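Following: one structure in C-alpha cells, then a few remarks.
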Amino acid sequence: QLQASGGGLVQAGGSLRLSCAASGSTFNSYSVGWFRQAPGKQRELVASISSGRGTNYADSVKGLFTISRDNAKNTAYLQMNSLKPEDTAVYYCNYVWFRASHDFTRPTNDYWGQGTEVTVSS
C-alpha cells in the first residue's frame with residue numbers, strides 16, 4: 001500500500017513536494033504513479049516512474065513537475081513547481097503498469113488511500 005502526503009495551500013507560482021511512502025519490501029520492484037482528482041472531475045494520471053526510473057508525464061505538467069523515487073526509503077516523490085490554480089486537486093499515488101506511452105499507463109489496483117490535498121490560490 002502507498003500513502004501520499006505533503007499537500008497544502010500554496011500561492012500560484014509556488015512549489016510543493018509530495019511524498020508517497022510504501023509499506024513492505026517490494027517497492028523497488030514496481031512502477032509508481034501520481035494521480036490527481038479535482039472537484040467534479042475524473043481522476044487523472046499526472047506522472048509515473050518505472051522500477052528502472054523511466055518517467056512519463058501528462059502534457060499539462062511536463063517541465064513543471066518532476067517524479068522521482070528513493071528505493072532505500074521506500075518513497076516516491078512529486079516535485080511540483082510553478083503551480084497554477086488548475087493544479088488544485090487531491091493527489092494520490094498508486095502502483096502502476098508502466099507503459100512507454102503515458103496514455104496507456106494504468107493503476108494496478110483500486111486502493112487509493114486518503115490522498116493529499118493541494119490547493120493553489122490565485
Side-chain angles (χ1 to χ4, degrees):
Q1 292 182 352
L2 301 176
Q3 184 59 53
S5 63
L9 174 64
V10 63
Q11 288 189 332
S15 298
L16 277 176
R17 188 177 81 155
L18 306 183
S19 297
C20 173
S23 57
S25 59
T26 58
F27 174 77
N28 61 340
S29 299
Y30 294 98
S31 303
V32 176
W34 280 99
F35 298 77
R36 68 185 179 188
Q37 187 168 20
K41 295 188 176 181
Q42 289 188 331
R43 186 180 291 123
E44 63 172 348
L45 176 65
V46 174
S48 57
I49 184 167
S50 71
S51 58
R53 290 185 166 79
T55 58
N56 276 329
Y57 297 91
D59 288 342
S60 59
V61 305
K62 279 181 182 176
L64 301 175
F65 291 9
T66 302
I67 189 171
S68 61
R69 64 190 299 161
D70 184 338
N71 289 338
K73 295 183 178 180
N74 278 6
T75 302
Y77 303 97
L78 186 68
Q79 177 67 44
M80 305 186 296
N81 298 329
S82 301
L83 283 161
K84 307 170 186 176
E86 51 263 43
D87 294 317
T88 294
V90 179
Y91 284 72
Y92 304 86
C93 56
N94 203 344
Y95 290 115
V96 297
W97 300 114
F98 185 87
R99 296 292 182 266
S101 170
H102 172 82
D103 293 339
F104 292 101
T105 297
R106 296 287 184 270
T108 65
N109 64 81
D110 289 329
Y111 178 78
W112 293 100
Q114 294 184 336
T116 187
E117 189 167 4
V118 172
T119 302
V120 184
S121 63
S122 58

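Being a predicted model, the structure only gives us computed values, none of them experimental.
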Review point. Which ring-ring contact (aromatic ring centres under 6.0 Å, His included) pairs, counting each pair once, include a residue from residues 51-88, with sequence neighbours left out?
Key: none

**Study point:** Close side-chain approach of Gln37 to Trp112, heavy-atom, < 4.5 Å
**Key:** no

Check your understanding: Considering only heavy atoms from C-beta outward, does the side chain of Phe98 approach that of Ser51 to under 4.5 Å?
Key -> no

Review point. With respect to Val61, which candidate in Val46, Thr66, Ile67 satisfies the side-chain contact (heavy atoms from CB on, under 4.5 Å) definition?
Key: Val46

Cluster overlap [X] with [Y], hydrophobic side-chain contacts below 4.5 Å:
X	Y	value
Met80	Tyr92	no
Tyr91	Leu2	yes
Leu18	Tyr30	yes
Val96	Trp34	no

State the [atom1]-[atom2] distance between [X] and [Y], to the nearest 0.5 angstrom.
X	Y	atom1	atom2	result
Gln11	Leu83	CD	CG	11.5 Å
Asn74	Asn28	CG	CG	7.5 Å
Arg53	Ser68	CZ	OG	8.5 Å
Arg99	Asn56	CZ	CG	11.5 Å
Arg36	Cys93	CZ	SG	15.0 Å
Arg17	Ser5	CZ	OG	9.5 Å

Which heavy-atom pair separates [X] from [Y] by the least distance, and what is that distance?
X	Y	value
Asn94	Pro107	ND2-CB, 3.9 Å
Gln79	Ser15	NE2-CB, 3.9 Å
Leu64	Ser82	CD2-CB, 3.9 Å
Val32	Cys20	CG1-SG, 4.3 Å

Residues 113-122 side chain polar contacts: donor-acceptor under 3.5 Å, at least two apart:
from	atom 1	to	atom 2	distance (Å)
Thr116	OG1	Gly7	N	2.8

Point to revise | Ser50 backbone acceptor or donor facing Arg69 side chain under 3.5 Å | key: yes

Review point. Can you check whether Leu45's main-chain N or O pairs, donor with acceptor, with His102's side chain at less than 3.5 Å?
Key: yes

Point to revise | Residues Lys84, Asp87: salt bridge by 4.0 Å N-O rule | key: no

Exercise for review: May I ask you to decide if the ring planes of Tyr95 and Phe27 are parallel, tilted or perpendicular, using 30° and 60° as cut-offs?
Suggested key: tilted

